[in-house]
Amino acid sequence: MSEFLNKITKRRTFAIISHPDAGKTTLTEKLLLYGGAIHLAGSVKARKSNKHAVSDWMEIEKQRGISVTSSVLQFDYTGYRVNILDTPGHQDFSEDTYRTLMAADSAVMLIDAAKGVEPQTKKLFWVCHRRELPIFTFVNKLDRHGRTPFDLMDELEKVLGIHAYPINWPIGIEGQYIGVYDRLKKQIELFEDDNSHGSKVLKSTTGSLDDPAIKEAIGEENYHNLCNDIELLDLAGDEFDIAKVNNGKLTPMFFGSAMTNFGVRAFLEKFLELSPQPQPRLLQDGGLLEPSNPEFSAFIFKIQANMNPAHRDRIAFMRICSGMFDRGMSVFHQQSNKLVKLSQPQQFLAQERTIVEKAYPGDIIGVFDPGVFGIGDTICSDKLKIQFEDFPVFPPEIFARVQPKDSMKRKQFVKGITQLAQEGAIQVFEQRDIGIESYIIGVVGVLQLEVLEYRLLNEYSAPLLMNQLPFTVARWVYRDDGKPVQEVKGLDNGLLVFDKKNRPVILVNNEWSLNWILERNPGFNFTQIPTGAAGI
Ligand code: G4P
C-alpha cells in the first residue's frame, strides 16, 4: 500500500455527542491520556472549570481562546492518527455543534449510566442518524449506581430506535464493577486497584473466561451472573454486523467510567479497529469523491471570527476530503471562482496550535480567512474543480427581533447582520409591511443571540435593540398549486416572515399549532427546512 493510502486507512475522525455533564470533557481527556498526548489527566478539566468561572460570556475573547484549542484534538495511538472534533455543548450549543458532525466519519454517543438518553443527545443523535453516520455508544459513570446495562440497551432501542450490540460487558455488581468481558475477543479484562483517582492509565490483567485464575479473581457469584448475561445476549441480542454499524443501524456499545479509566482502553482500541476511515464525500452533482483521489479537496465547516482580538482575524476550519495538503499551496475556491493561498495553516495537537506542513484526508486544519470563505464552501485543487453537496440547514428554535439602537448606525447594522448570516452564525428573516426597520433572527442556541449583540457592538459599532420572541418552531410554507404564499390564515399567535431567499416561513409557539393552521389553509404544506436544501 502506498504511504498516502496507508495514512488514509489509519485516520479516524469523529465527534463525541452527549448531553452536558455526561462526561465528554473527562472522556476526551482520558483518550488523550491513553493516546500519550498528555501524561497526567486533570489539565483539560482545569481549563473547563476556568471556562465555567467565565460565566459571563462577555469575556468573549477568553472563551473563544478555549473553544478554538478544543475545535479539534489530535493524537496518535498504535499507528492510528485520531482527530476528535469538539461539539460545543452547554450554553454554547449552536449550529456549529450540528455542523461539526458534517466533518466527522463517525460519532461516539456518550451516555450517563444513571440518566440514560437525554435531550441534547437525542438532537445530536438524529443529525448523525439521518446522515447514516456510524454511532458508537459509551455508557459512562459505571463506577457509581446507575441503570442496568440491559435497561440502557432497551432505552437506546425504545427512545432512539437503534439496536445495540454490547461489545464489552461489565463484570461485578452495579456501582462496583471490577472488569469487562469483551464479547468479540471472548476475553476478560480485570482492573487492578488504583489510587491515582483516574489521573493515570489503569493497570489490568486479561485472560479467557475459563482461565481458573480469572474465575477465582472474579468470584463465584459474579462469574455465574456474567455467564448468564452473556448467554442471554448471545441468544436474544442482535448479531454483530459491521455493515449495519457502518450505516448507523447498529451501535456497538461499551461500558466504562471516564473518571476511573475503567473500560477506556478497551473502548479506544475497539473503536479504532471498528470505526471507519475517512469516507467518500457526496458531490453536488450526485457523484462521490474518494479520499484516495490524489487531488486535494476540503470543505469548510466552521468559521471562528476574531480569535485574536488584536488582529481581527477569522479562522476557517476545513476538513480534508481527498489528496494531500501541503503548506503554502494555492487552491481553487469554488464559491468565489478564484485561486486562494491557504495561509497560516494550523493544526491542534493536544492543546497546542502548530503550523501544518502536510495533512491528509480526515484531518482538520484551520486557515486564515481573509473574509472570502463561507460555511459549506468547497476548496480543491485547480484540476479537480468539484463542488461538495450543500450543507444542511438546521431548523432554528430561538427567535428574536433586532433593530439598530441608533438609527445613524443603520448601515453598519445591516452590514453586520448580513455578514454574520453569511458566516452561518445566525439565520435572518424579514417581516413585511410593518413600517419599522427590523429583522427577525433565528438561532439554535440562546448564546448565539448574546454573541450577535456583542459582535455587532464590537466589530460593527452597531448597538442593538433585541427582543426575544416566544416562538420555538419555524416551518417553510408552500402551496400545492405553486402560487406564492401571501397570507396564512389562523396564524393568531404566530408570524409570517420571509427568509433571505424570499421564501415564506411561519413562526409558531409549538408543533400543535401547525395542524390548526394547516386545517385553515387547504393546499398548504410545511417543511422543517427549505425544500431543495439538504436537511438534517
Ligand atoms: P461534560 O463535558 O459532558 O459536560 O462533562 P464533564 O466531563 O465535565 O463531567 C461532568 C461531571 O461528571 C464532572 O463532575 C465529572 O467529574 C463527572 N464525571 C465524568 N465522568 C465520570 C465517571 O466516569 N464517573 C463519575 N462518577 N463521574 C464522572 P463535577 O462534579 O461537575 O466536576 P468535578 O468536581 O468532578 O471536576
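Because the structure is predicted, anything quoted here is derived from the model rather than measured. In what follows, every heavy atom counts, from backbone to side chain, and hydrogens, waters and symmetry copies are set aside. First listed ligand is number 1; within each ligand, the first listed atom is number 1.
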Return the set of residues passing side chain to side chain donor-acceptor pair (under 3.5 Å) with Arg281 (not counting sequence neighbours), or none when no residue passes.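 Once residues adjacent in sequence are excluded, Arg281 has no partner under the side chain to side chain donor-acceptor pair (under 3.5 Å) criterion.
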Ligand 1 atoms in contact with [X] (distance to a heavy atom under 4.0 Å):
X      : result
Lys24  : 1 (P), 2 (O), 3 (O), 5 (O), 7 (O)
Arg144 : 26 (N)
Ser257 : 22 (C), 23 (O), 24 (N)
Asp21  : 1 (P), 3 (O), 4 (O), 5 (O), 10 (C), 12 (O)

Only counting residues at least two apart or in another chain, list the ones meeting salt bridge (Lys or Arg N to Asp or Glu O under 4.0 Å) with Arg147.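 Residues passing salt bridge (Lys or Arg N to Asp or Glu O under 4.0 Å) with Arg147: Glu155.
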Can any side-chain N or O of Lys10 pair as donor or acceptor with the backbone N or O of Gly79 at less than 3.5 Å?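 Absent.
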So is Arg183 actually on top of Tyr165's ring, under 6.0 Å and inside 45° of the axis?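 Positive - Arg183 is close enough to the ring of Tyr165 and near enough to its axis.
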Ligand 1 versus Asp143, non-hydrogen atoms closer than 4.0 Å: side chain, backbone, both, neither?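 For Asp143, the contact with ligand 1 is made by the side chain alone.
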Asn140, portion touching ligand 1 at heavy-atom distance under 4.0 Å: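 Side chain only.
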Is any side-chain N of the basic residue among Arg11 and Asp105 closer than 4.0 Å to the acidic one's carboxylate O?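 Salt bridge between Arg11 and Asp105, a charged N being under 4.0 Å from a carboxylate O: no.
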Run the side-chain contact (heavy atoms from CB on, under 4.5 Å) test on Ile218 and Ile188 for me, step by step, so that the C-alpha distance in whole Å, both residues' side-chain angles and the decisive distance to 0.1 Å come before the verdict. CA-CA 10 Å; Ile218 295 177; Ile188 282 178; 3.6 Å; yes
Consider every N or O of [X] and every N or O of ligand 1, then say whether any pair is closer than 3.5 Å.
X      : result
Ala258 : yes
Ser18  : no
Met259 : yes

Trace of the side chain to side chain donor-acceptor pair (under 3.5 Å) decision for Asp182 with Gln187: CA-CA 5 Å; Asp182 182 327; Gln187 196 176 55; over 6 Å; no
